[in-house]
Amino acid sequence: MNNKKRLLFVLIGPAIFLLCCFAIPGAAFPTLASRAAIGTVAWMAFWWVTGPVDYAVTAFLPIAVNALVTMCDMSLVISNYASETILLLLGASILTISWEETGLDRRIAASLLSLIGDNFRRQIIFWFLLSAALSSILPNAVVCATITPIAMSMLKYIKEDDISNSRIGSKLLLTIAYAAGLGGLASPLGGAMNLVTVDYLQQLTGQEYMYVSWVIRFLPIVFVLVVSNIIFMIRDVKKEESLGGSREYFRQEYKKFPKMKMEEKISLGLFVLATVLAFTRQFYQDLLPGLKPAYVFIICAILSFLVHRSNGERLMVWKSVQSKIIWEMIYIFAGGLAAGTLINESGAAEKIGELVADMGLTGGFVTVFVIVTITLLLSDVTSNTATAAVSMPVVISIIQGIGLNPIPYIYIASVGVNLSYMLPTSIRAIPVGYGLQPKYMLKEGYKMSIMVIALMSVLCYLLLKYWDAFSTI
């Protein structure tokens, strides 16, 4: 990017912010805070996509802008930069650095390639199904944060780790992020946003909501989403496209590796321990209520600094480790959370809900389309949990206002709440931190969003109209 073009993009960012502050009708968003929050998100999105400054720098805009135009309590904004998820990402990043120090990353890569094979389509399908399956019972961020570095090990092994210039790497990391988000829809355990929805269903009906009911009602939706998303991701991948080298070649390469050293085993053991404890928290949360997944990863990261090589040297030294931590990923994730805080705390999200309520919806296909579209787009600029907290009461009040059963519309809203594809917010910041270009994410994401909105609007409307169980708990 030449200097003139870069300067133009730099100036357009704040110009978009000012335009939102003063051109958005006051009748729709009466407070400057709400308009400024929308402007901040638009500014961040533009800079992330065009890249006139580093992505991590853009992630700090919520702090800078909120200091100039107060949209909410600054402590609420700053807390996003040291949230539990940020600590989880930091811990996972440190643990995977130990893989590189011991050579474990190359061993894992060769092992995966020898098992799955080199066919690119098969690789995409494998990583998608693995990520989606895990995220159905685990927080999406945990899944994406643990699966992505494993995939990166493989990409580094085949020399496709320059993600910004690698079609294979970009597509694979995007696949994992999309699948980790989508899989959360399969069960209430898939994320806090689903638990928020369950809480509203229980308040509405006065009955305990059985998790198996969720699985049954969302099964056809998840099936269609998985199939359509995979087809989208492999649409431009030829059947014979290879990662380079046959399965037999990678099997031979794997056999060449020497026996695992003790430091290599410990490095792998710490990551597996952190992952297993994060995945099985429900079994020990009563005994150790404070040991959440984020803190498990931090503890294991600390332990990794106590490991010594067979020659007596320390495996991990902070001076070298800190230069390898993917700080950009951490800051981009935090910036997305902070932008969501501005949207919610400024009242912008609430006003969006009021505008939807004033649209004169009648409960038919248009209502379904509007609910899916608004919740999906809102999830792109704020967290899924915040979208659920804001949208569910609005949906309930709108549907009750027109005299209909709100339960199926709550399910429909949950679809949009769980899905988002376009911006490097939430878990989609993780692949960007590893080098994925936000403009590539937007290019693929807007097409995926259009496809998903169309598919889900039609499918949800059909379920609403012809499947009685979809209207009950």
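- Listed by chain and residue number, Tyr178 satisfy the ring pair (Phe, Tyr, Trp, His ring centres under 6.0 Å) test with Tyr421 (two or more places apart in sequence, or in another chain).
- Listed by first and then second residue, the side-chain hydrogen bond (donor to acceptor under 3.5 Å, both in side chains) pairs that reach into residues 316-325 are Glu101-Lys324, sequence neighbours excluded.
- When the side chain to side chain contact (heavy atoms under 4.5 Å, CB included) test is applied to Leu18, the partners found at least two apart in sequence or on another chain are Phe22.
- Within the 3.5 Å criterion, the main-chain N or O of Pro149 finds a donor-acceptor partner in the side chain of Ser153.
- Every residue two or more places apart in sequence or in another chain was checked for a ring pair (Phe, Tyr, Trp, His ring centres under 6.0 Å) with Phe29, and none qualifies.
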| task | Determine, stepwise, if the pair Tyr409 / Ile396 fulfils side-chain contact (heavy atoms from CB on, under 4.5 Å). | result | CA-CA 8 Å; Tyr409 296 93; Ile396 292 171; over 6 Å; no
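- Evaluated for a salt bridge (Lys or Arg N to Asp or Glu O under 4.0 Å) with Glu444, the options Arg167, Arg235, Lys439 yield exactly one hit, Arg235.
- Under the side-chain hydrogen bond (donor to acceptor under 3.5 Å, both in side chains) criterion, Gln203 pairs with Asp199, not counting sequence neighbours.
- Not one N or O on the side chain of Ser98 forms a donor-acceptor pair closer than 3.5 Å with the backbone of Ile94.
- Thr280 pairs by the side chain to side chain contact (heavy atoms under 4.5 Å, CB included) definition with Val276, Phe283, Tyr284, not counting sequence neighbours.
- Remark: Tyr209 pairs with Tyr411 by the side-chain hydrogen bond (donor to acceptor under 3.5 Å, both in side chains) rule, at least two apart or across chains.
- From Leu342, atom CG reaches atom CD1 of Ile38 across 11.5 Å, with rounding to the nearest 0.5 Å.
- Using modelled atom types, no side-chain atom of Ser166 and backbone atom of Asp162 make a donor-acceptor pair closer than 3.5 Å.
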| field | Test log, rule side-chain contact (heavy atoms from CB on, under 4.5 Å), inputs Met441 and Leu174 | value | CA-CA 7 Å; Met441 179 178 289; Leu174 197 61; 4.0 Å; yes
Using a 3.5 Å cut-off and no angle test, enumerate the donor-acceptor pairs between side-chain atoms of residues 295-305 and protein atoms at least two apart in sequence or in another chain.
from: Tyr295; atom 1: OH; to: Glu84; atom 2: OE2; distance (Å): 3.1
from: Ser304; atom 1: OG; to: Ala301; atom 2: O; distance (Å): 2.5

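- For the ring pair (Phe, Tyr, Trp, His ring centres under 6.0 Å) test, residues two or more places apart in sequence or in another chain that qualify with Tyr81 are Phe60.
- Shown here are the side chain to side chain contact (heavy atoms under 4.5 Å, CB included) partners of Ala186, two or more places apart in sequence or in another chain: Ser136, Val222.
- Between Ser420 and Ser379, the side chains place no donor N or O within less than 3.5 Å of an acceptor N or O (distance only, hydrogens not considered).
- Checked against side chain to side chain contact (heavy atoms under 4.5 Å, CB included), Phe126 has the following partners two or more places apart in sequence or in another chain: Ile116, Leu130.
- Checked by atom type and distance alone, the side chain of Ser93 never pairs as donor or acceptor with a backbone atom of Leu89 at under 3.5 Å.
- The aromatic ring centres of Tyr331 and Tyr55 sit 6.0 Å or more apart.
- Legend: residues meeting ring pair (Phe, Tyr, Trp, His ring centres under 6.0 Å) with Trp127, ordered by chain and number and at least two apart, are absent.
- With respect to Lys171 and Glu160, no salt bridge is recorded, no charged nitrogen being found less than 4.0 Å from a carboxylate O.
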